[in-house]
Amino acid sequence: MSELETKSPGNFIRQIIDGDLKAGKHDGRVHTRFPPEPNGYLHIGHAKSICLNFGVARDYQSGKCNLRFDDTNPHKENIEYVDAIIDDVKWLGFDWQDRLFYASDYFQQLHDYALELIKAGKAYVCDLTAEEVRDYRGTLTEPGKASPYSNRTVEENLDLFRRMKAGEYEDGTRVLRARIDMASPNMNMRDPTLYRIRHGVIHHQTGEAWCIYPMYDFTHPISDALEGITHSLCTLEFEDHRPLYDWVLNNISIASHPQQIEFSRLNLQYTVVSKRKLTQLVDEGHVSGWGDPRMPTLAGLRRRGYTSSSIREFCDRIGVTKAENSVEMGILEACIREDLDRNAPRAMAVLDPLKVVIENFPEGETQQLEAPNHPKDEGMGKRTIAFTRELYIDRADFREQASRKYKRLVTDGEVRLRNAYVIKCNQVINGPDGEIVELRCSYDAETLGANPQGRKVRGVIHWVSAPEGIPAEIRLYDRLFGHPTPDGDKGVRSFLEHLNPDSFKVAGNAVVEPGLAQAEPGANYQFEREGYFCLDQQDSKATRLVFNRTVTLRDSWQKIDRQKG
Ligand code: ATP
Ligand code: MG
């Protein structure tokens, strides 16, 4: 069974569906949809909804899931977002087959259902301004007042609605409203707006065909019903809209009646998952774009080096409930760490190079050493790495003096070079300002794959051949925010104050082992002792390799979280 065929764990929604199937509801069908609005890129919160909707379709016999663009706000939407969403859902591993729809496909039908409501006296054209509508609506504790226009005759309403559609009125001068109950304790039922006027926007699907656009609460139930959706899964903020969802379907001539079920949104610590806030980060230049590797968008996570299977695993792990909570970033990071620990080949990269000269190794000679691509998986094969007289090690792996706890290289001390020999540092060469520029070392030719005779060498450090290694830029990404709930902190004026100034650093003079010249864009590696990295899909060139740090080897934030918590 391929990974994509494995079932997701049970949850309350699957229990409801099981019950419905037993009871023979919805003709025994299971049909869901994922309905993004193309007004931004998909983020990790959407992944939860995608995995839920497409996962249900996958796990139930004859289950289906539609991808539907909820595109009724043309002034905020565009085709770039449509394309990005399509790519992201595919990348996440799901397939809608021939069931890609747009709510705008239904503009004519929606209009005709609006006419039905008008003819039944259940909708009217209202001339109140937006502000007046708000005043008339009342509050949570006070009932609303009827609009002075709510008693227009059917003929008058039909005529006004026709003229709204014909473009005779300006934006904001009239709306079509449902006539329900201005005294309802549920504010959504106090004569909600069904249609508004929008001139001067070119809709990415329908162009200039329409100047009236239906509202979400009217569009959504009808789109669901037209597509034969059985279970319309949405986030909890729509719970109060469910009576309106049902009202719309109960008051038009549509047979199908999908059932809306709400679950809690994903909130993820150390980031924000709201398109509005993500848009702000992009527009104000706090990140390089929607696909910035620090963004919680699927495009950003992908560029950062997250695999789609790690994100599906994350969604399975967090589960689906009605409880609002904020998930630890550590859970997402653990999913990618576990995936890459298992599946990423190992390689060596020196981020901050310090030259080492092996004085007893012949000049100009290259010895090809073998190294396993994975310490626990022989099936991943072996590679060769060049050993030469001049090498680089990381500056952090040498100290002139150190206590015995420091298990790396010290003057007159020995250390093992990973996959190679034990070396000893004999002399430190300093530059004019006293900085260390080179280490003179010697190697023990008897220690390749063997312990040295008569002494113990405990430390192991990574290295790269100086003449054979390839220069690279390594981008060190970290969490975008330094606070677990940047948008939940009342102590600051804006969530932007919690941006982590250290979320992006560059190791510009890194050197990587020669085999990485063949790395494919996006390919994941563990750089031994450094973390998990991938070849950047956008900026890496044959002449200048660029790697992104996906995640460190261990969770260094846990300590910080504990101190704060
Ligand atoms: P945002 O508030 O970020 O704009 P949205 O809900 O307006 O999100 P849509 O494009 O309308 O974004 O969402 C498409 C689907 O994804 C909806 O069914 C929505 O409920 C779901 N969704 C959006 N954000 C989350 C989240 N954080 N967790 C779970 N599901 C989400
Ligand atoms: Mg929305």
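Along the sequence shown, residues carry numbers from 1. Start at 1 and go down the list; that is how both ligands and their atoms are numbered.
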Main-chain N/O of Arg265 paired with Thr235 side-chain donor or acceptor, under 3.5 Å: no

Lys48-ligand 1 polar pair, N/O distance under 3.5 Å: no

His43 heavy atom under 4.0 Å from ligand 1: yes

Close N or O approach (Asn39, ligand 1; < 3.5 Å): no

Closest to atom 13 (O) of ligand 1 (judged by heavy-atom distance), picking from Lys275, Glu37, Lys277, His46: His46

Numbered atoms of ligand 1 (with element) below 4.0 Å of Thr235, judged on heavy atoms: 19 (C), 20 (O), 29 (C), 30 (N), 31 (C)

Where ligand 1 meets Ser274 - atom numbers and elements under 4.0 angstrom, heavy-atom basis: 3 (O)

Steps toward side-chain contact (heavy atoms from CB on, under 4.5 Å) verdict (Ser104, Trp210): CA-CA 10 Å; Ser104 56; Trp210 295 85; over 6 Å; no

Minimal non-hydrogen separation, Lys277 against Phe495, with atom names: CB-CZ, 3.7 Å

Within-cut-off N or O pair, Gly45 and ligand 1, under 3.5 Å: yes

Pair Arg337, Tyr532: side-chain N/O donor-acceptor within cut-off below 3.5 Å: no

Close approach of Phe238 to ligand 1, heavy atoms, under 4.0 angstrom: no

Ligand 1 N/O within reach of Arg33 N/O, cut-off under 3.5 Å: no

Ligand-residue contact atoms, ligand 1 with Pro35, heavy atoms, under 4.0 Å: 14 (C), 18 (O)

Residue pairs involving residues 184-212 (criterion salt bridge (charged side-chain N to carboxylate O under 4.0 Å, His left out); sequence neighbours excluded): none

Cationic N near anionic O, under 4.0 Å, Lys64 to Glu227: no

Point-to-point distance, once rounded to the nearest 0.5 Å, from CG of Leu476 to NZ of Lys505: 8.0 Å

Residues in ring-ring contact (aromatic ring centres under 6.0 Å, His included) contact with Tyr102, at least two apart in sequence or another chain: Phe69

Which of the ligand 1 atoms, numbered from 1, are nearer than 4.0 Å to a heavy atom of Pro36: 10 (O), 14 (C)

